[in-house]
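Just so it is clear: chains get the letters A, B, ... in the order the sequence lines come, proteins before strands, and each one is counted from 1.
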Protein chains: 2
Amino acid sequence: MDTRTDTHQPADAKPDPMRIERLCIERGLKMTGQRRLIARVLSEAVDHPDVEELYRRALALDSRVSIATVYRTVRLLEEKGILERHDFGGGRARYEATDHGHHYHLIDIETGKVIEFSDAQHEALAEAIAARLGFRLVGHRLELFGRRAAPEAATPPRRAPKRRSGEGA
Amino acid sequence: MDTRTDTHQPADAKPDPMRIERLCIERGLKMTGQRRLIARVLSEAVDHPDVEELYRRALALDSRVSIATVYRTVRLLEEKGILERHDFGGGRARYEATDHGHHYHLIDIETGKVIEFSDAQHEALAEAIAARLGFRLVGHRLELFGRRAAPEAATPPRRAPKRRSGEGA
DNA sequence: TTAGCTGCAAAACGTTTGCTTCCCG
DNA sequence: CGGGAAGCAAACGTTTTGCAGCTAA
């Protein structure tokens with residue numbers, strides 16, 4: 001992790017459509033057709049889709065999946081440490097593969113877009129704070145909520161989510 | 001906010017049982033019996049109770065409240081900026097008064113206990129990162145998940161919450 | 001062969017809401 | 001008095017689950 005605070009959203013995309021499947025096999029998971037399908041959708045995602053979005057993408061490739069299986073699978077993969085669950089508000093959990101390094105999120109409160117960034121300085125600070133409090137850091141998350149800075153003109157209005165602060169995949 | 005990373009959980013407790021009610025009146029809210037009751041429970045809380053816990057505490061003082069009112073009230077107070085909602089995992093929202101300064105949370109993953117701390121250095125860093133990404137920081141949250149450091153002997157086992165990573169108020 | 005996965009529909013969960021009655025201001 | 005608040009129960013949207021049948025290993 002570098003000191004530079006760099007964005008890498010659709011930038012360095014996921015080149016390998018079998019990344020996740022490989023991870024599943026590594027952890028000894030039985031690979032069924034639908035798991036392979038969901039794994040592929042996850043491998044190709046460069047965003048933070050929720051279950052419904054994953055289901056939609058999976059259906060587009062093969063209609064023989066049910067949303068219950070998507071739920072069961074993301075849960076399984078989360079338990080196996082392959083996926084990370086996020087709650088960015090909006091009431092639904094959103095997922096992301098854990099295999100592209102630890103990073104943080106900046107949520108654009110106007111558009112709901114999530115920007116990823118990493119920051120070594122912050123990493124160190126978190127570690128230091130935990131130590132000072134007498135803890136060994138196991139995990140941490142930093143979420144910034146911001147508005148695009150001045151330069152731009154006005155920004156388009158936003159639709160209100162059911163409740164909470166949310167966005168949409 | 002000072003540079004020192006200091007804990008202040010049950011430490012500087014809430015001395016004034018009418019703090020929240022006063023804030024409500026300041027913002028022009030109509031004060032009913034149940035709002036006063038809920039405000040009092042909130043004023044006395046030194047933790048991060050969820051709605052059910054608030055309801056339980058309120059009931060103990062006066063049985064003439066319904067959980068629907070608790071829900072409506074926390075939502076109202078959140079909109080008014082008097083309360084802050086947190087999602088520490090566990091599937092239910094947890095609340096905390098906003099009137100004791102911006103701070104962060106360290107969640108002890110063994111016990112589920114939440115420790116509050118503030119850190120000016122981190123505050124500045126968050127601001128800087130947002131600026132670097134071209135955003136004006138509107139809000140941010142930092143959550144550390146840790147395990148009590150070595151010195152202690154073994155730590156007691158944990159009960160598993162329904163799902164997610166959660167804890168309990 | 002069989003442990004374990006899938007689909008379906010129903011249940012569970014936290015939370016919101018429609019409606020009527022009640023009360024604060 | 002009038003507008004907003006409370007209580008109840010029903011509705012909601014997301015997620016989990018029981019069960020019967022199917023499938024990877």
Could you give the [atom1]-to-[atom2] distance, from [X] to [N], as a whole number of Å?
X	N	atom1	atom2	result
A:K80	C:dG4	NZ	C1'	13 Å
B:H86	C:dG14	NE2	P	20 Å
B:R64	D:dC8	CZ	P	13 Å
B:E79	C:dT15	CD	C1'	14 Å
A:E52	D:dG13	CD	P	11 Å
B:I67	D:dA5	CD1	C1'	17 Å

Against A:Y71, only a single residue in A:I67, A:T73, A:T69 fulfils side chain to side chain contact (heavy atoms under 4.5 Å, CB included); can you say which?
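In the set A:I67, A:T73, A:T69, the residue that makes a side chain to side chain contact (heavy atoms under 4.5 Å, CB included) with A:Y71 is A:I67.
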Between B:E21 and B:R40, does at least one N-O distance fall below 4.0 Å, as a salt bridge requires?
no
Annotated protein contacts, base or backbone, on nucleotides 18-25 of chain D with a non-hydrogen cut-off under 4.0 Å, one of B, S, - each
B-----BS
Who passes ring pair (Phe, Tyr, Trp, His ring centres under 6.0 Å) against A:Y104, sequence neighbours left out?
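Per chain and number, A:Y104 pairs via ring pair (Phe, Tyr, Trp, His ring centres under 6.0 Å) with A:H102, A:F117, A:H122, A:H140.
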Residue [X], side-chain heavy atoms: nucleotide from [options] that is nearest:
X	options	value
B:R75	C:dT16, C:dG7, C:dG14	C:dT16
A:Y71	C:dT6, D:dA5, D:dT16	D:dT16
B:T69	D:dG7, C:dT15, D:dT15	D:dG7

Using five base pairs at each end, measure the axis-to-axis angle across the helix from C:dT1-D:dA25 to C:dG25-D:dC1 and round it to 10 degrees.
40°
Work out which heavy atom in [X] is nearest to a heavy atom in [Y]; give both atom names and the distance.
X	Y	result
B:R36	B:M31	NH2-O, 3.1 Å
A:E143	A:D87	OE1-O, 4.4 Å
B:R19	B:L42	NH1-O, 4.4 Å

With no hydrogens and no angle check, just 3.5 Å: does a side-chain donor-acceptor pair link A:H48 and A:E84?
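Checked: A:H48/A:E84 side chains show no N/O donor-acceptor pair below 3.5 Å.
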Distance below 4.0 Å between A:Q34 side-chain N/O and C:dG7 OP1 or OP2:
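Answer is yes, contact under 4.0 Å.
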Give a yes or no on whether B:R22 atom CZ has more than 12 heavy-atom contacts from other residues, nucleotides or ligands under 6.0 Å away.
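Yes, enclosed.
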Test log, rule salt bridge (charged side-chain N to carboxylate O under 4.0 Å, His left out), inputs B:E53 and B:R57
CA-CA 6 Å; B:E53 178 62 22; B:R57 295 181 193 176; 2.7 Å; yes
Of A:L76 and A:Y55, the one whose closest DNA chain C nucleotide lies more 5'
A:L76
